[in-house]
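To start, the structure under review is shown below, and the notes come after it.
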Amino acid sequence: MPLMPKRVKYRKVQRGNRKGQANAGNELNFGDYGLKALGRGWIKASQIEACRVAINRHLKRKGRLWVRLFPDKPVTKKPLEVRMGKGKGDPEFWVAVVRPGLVMFELSGVTEAIARDSMRLAASKLPTRSCFITRRQASRG
């Protein structure tokens, strides 16, 4: 079952804007290491799940992982070869809106080398640029 909200107020939403920096969720709150977004865009539920699986496989049941983003925006699409008009298409998939500075994943309970490696695997599954951060780095500024 893919990541998606149990219930939503509105079935279809507008595209919205992705301007600016991440105001909330832009620092480490749970773990010692994190993966921070440098780019902006939409991250699909399937991409989030692929990252989670890649990190957990690399950790081999050691450490603790926090997924800090959730796909709560439905993206609609009209079927192929359908004429223009006749309303908005049906919801096709769910995305999380990502702005620069958002901490997407956090890890603790493992060495920095293992954390860096598993975050590199996760970053390769994402459509935006990202960087590895540590709690030491965050406290320095």
Side-chain angles (χ1 to χ4, degrees), residues 1-139 141:
M1 197 173 110
L3 269 171
M4 60 188 276
K6 286 190 181 85
R7 277 177 42 230
V8 287
K9 191 167 183 183
Y10 299 108
R11 209 165 70 87
K12 302 173 182 178
V13 299
Q14 292 187 338
R15 294 171 74 86
N17 81 17
R18 296 171 246 186
K19 287 191 299 203
Q21 305 290 316
N23 296 330
N26 54 4
E27 50 194 40
L28 288 171
N29 286 339
F30 305 103
D32 301 321
Y33 311 105
L35 190 66
K36 187 179 234 182
L38 296 177
R40 67 184 74 246
W42 287 344
I43 297 184
K44 291 183 182 181
S46 57
Q47 292 167 332
I48 296 170
E49 183 64 13
C51 290
R52 189 190 67 78
V53 167
I55 292 171
N56 279 334
R57 284 219 175 117
H58 189 262
L59 291 179
K60 297 183 182 134
R61 290 185 300 173
K62 294 178 180 69
R64 173 97 160 81
L65 172 69
W66 288 269
V67 180
R68 297 277 310 273
L69 69 167
F70 185 78
D72 54 359
K73 183 187 192 77
V75 175
T76 61
K77 207 169 184 184
K78 292 190 74 113
L80 286 174
E81 299 178 11
V82 169
R83 292 182 178 183
M84 301 295 279
K86 304 281 187 286
K88 196 173 165 89
D90 289 324
E92 196 77 10
F93 54 90
W94 294 82
V95 296
V97 178
V98 171
R99 294 185 175 93
L102 181 79
V103 177
M104 300 179 283
F105 299 95
E106 292 189 33
L107 263 177
S108 70
V110 291
T111 64
E112 184 171 340
I114 292 172
R116 192 176 288 276
D117 239 22
S118 55
M119 291 299 186
R120 179 185 52 76
L121 289 170
S124 69
K125 310 248 181 273
L126 294 171
T128 60
R129 286 181 55 239
S130 54
C131 69
F132 179 78
I133 57 168
T134 65
R135 198 168 281 284
R136 280 197 323 271
Q137 264 180 316
S139 62

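Just so you know, these numbers come straight off a predicted model, no measurement behind them.
- You'll find the side chain of Val95 reaches within 4.5 Å of the side chain of Lys73, heavy atoms only.
- To the nearest 0.5 angstrom, Glu27 atom CD is 9.5 Å from Ile133 atom CD1.
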Q | Chi angles and distances behind the side-chain contact (heavy atoms from CB on, under 4.5 Å) call for Tyr33, Glu112 | A | CA-CA 8 Å; Tyr33 311 105; Glu112 184 171 340; 3.7 Å; yes

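- In this structure, CD1 in Ile48 is found 12.5 Å from CH2 in Trp94, a value given to the nearest 0.5 Å.
- Counting heavy atoms from C-beta on, the side chains of Met104 and Ile43 come closer than 4.5 Å.
- Shown here is Lys88, whose NZ atom has more than 12 heavy atoms of other residues, nucleotides or ligands within 6.0 Å.
- The shortest heavy-atom contact between Ala122 and Cys51 is O-SG, 3.2 Å.
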Q: Go through the steps to decide whether Trp42 and Val97 satisfy the test side-chain contact (heavy atoms from CB on, under 4.5 Å), and finish with yes or no.
A: CA-CA 5 Å; Trp42 287 344; Val97 178; 3.8 Å; yes

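- Of the inter-residue distances, the one linking Phe93 atom CZ with Lys44 atom NZ reads 4.5 Å to the nearest 0.5 angstrom.
- The two residues Pro74 and Pro91 make their nearest non-hydrogen contact at CB-CB, 4.4 Å.
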Q) What's the verdict on side-chain contact (heavy atoms from CB on, under 4.5 Å) for Arg11 and Asp90, showing C-alpha distance, side-chain angles and the deciding distance? A) CA-CA 9 Å; Arg11 209 165 70 87; Asp90 289 324; 3.8 Å; yes

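- For the side-chain contact (heavy atoms from CB on, under 4.5 Å) with Val110, the lone residue among Leu59, Asp32, Leu65 that qualifies is Leu59.
- In this structure, Ile55 and Ser118 approach most closely via the heavy-atom pair CG1-O, 3.7 Å.
- Minimum heavy-atom separation, Leu102 to Ala24: CD1-O, 3.8 Å.
- How far NZ of Lys62 is from OG1 of Thr111: 10.5 Å, rounded to the nearest 0.5 Å.
- Across all their heavy atoms, Ala96 and Phe70 have their closest contact at CB-O, 3.5 Å.
- The number of heavy-atom neighbours closer than 6.0 Å to CG of Asn23, taken from other residues, nucleotides and ligands shown, is 12 or below.
- Using a distance-only test at 3.5 Å, with no hydrogens or angles considered, a donor-acceptor pair links the side chain of Lys78 to the main chain of Gly85.
- Atom CG of Leu121 and atom CG of Asn56 lie 11.5 Å apart (nearest 0.5 Å).
- Without hydrogens or angle criteria, Arg68 side chain to Leu35 main chain gives no donor-acceptor distance under 3.5 Å.
- In this structure, CZ on Arg40 lies 8.0 Å from CZ on Arg99, to the nearest 0.5 angstrom.
- Put simply, the side chain of Glu106 gets close to the backbone of Asn29: a donor and an acceptor are under 3.5 Å apart.
- Closest heavy-atom contact between Ala45 and Leu3: CB-O, 3.4 Å.
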Q: Please assess Lys125 against Val53 for the test side-chain contact (heavy atoms from CB on, under 4.5 Å), listing each intermediate value before the final yes or no.
A: CA-CA 11 Å; Lys125 310 248 181 273; Val53 167; over 6 Å; no

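- Among Arg18, Gln21, Lys36, the one residue that satisfies the side-chain contact (heavy atoms from CB on, under 4.5 Å) test with Pro100 is Gln21.
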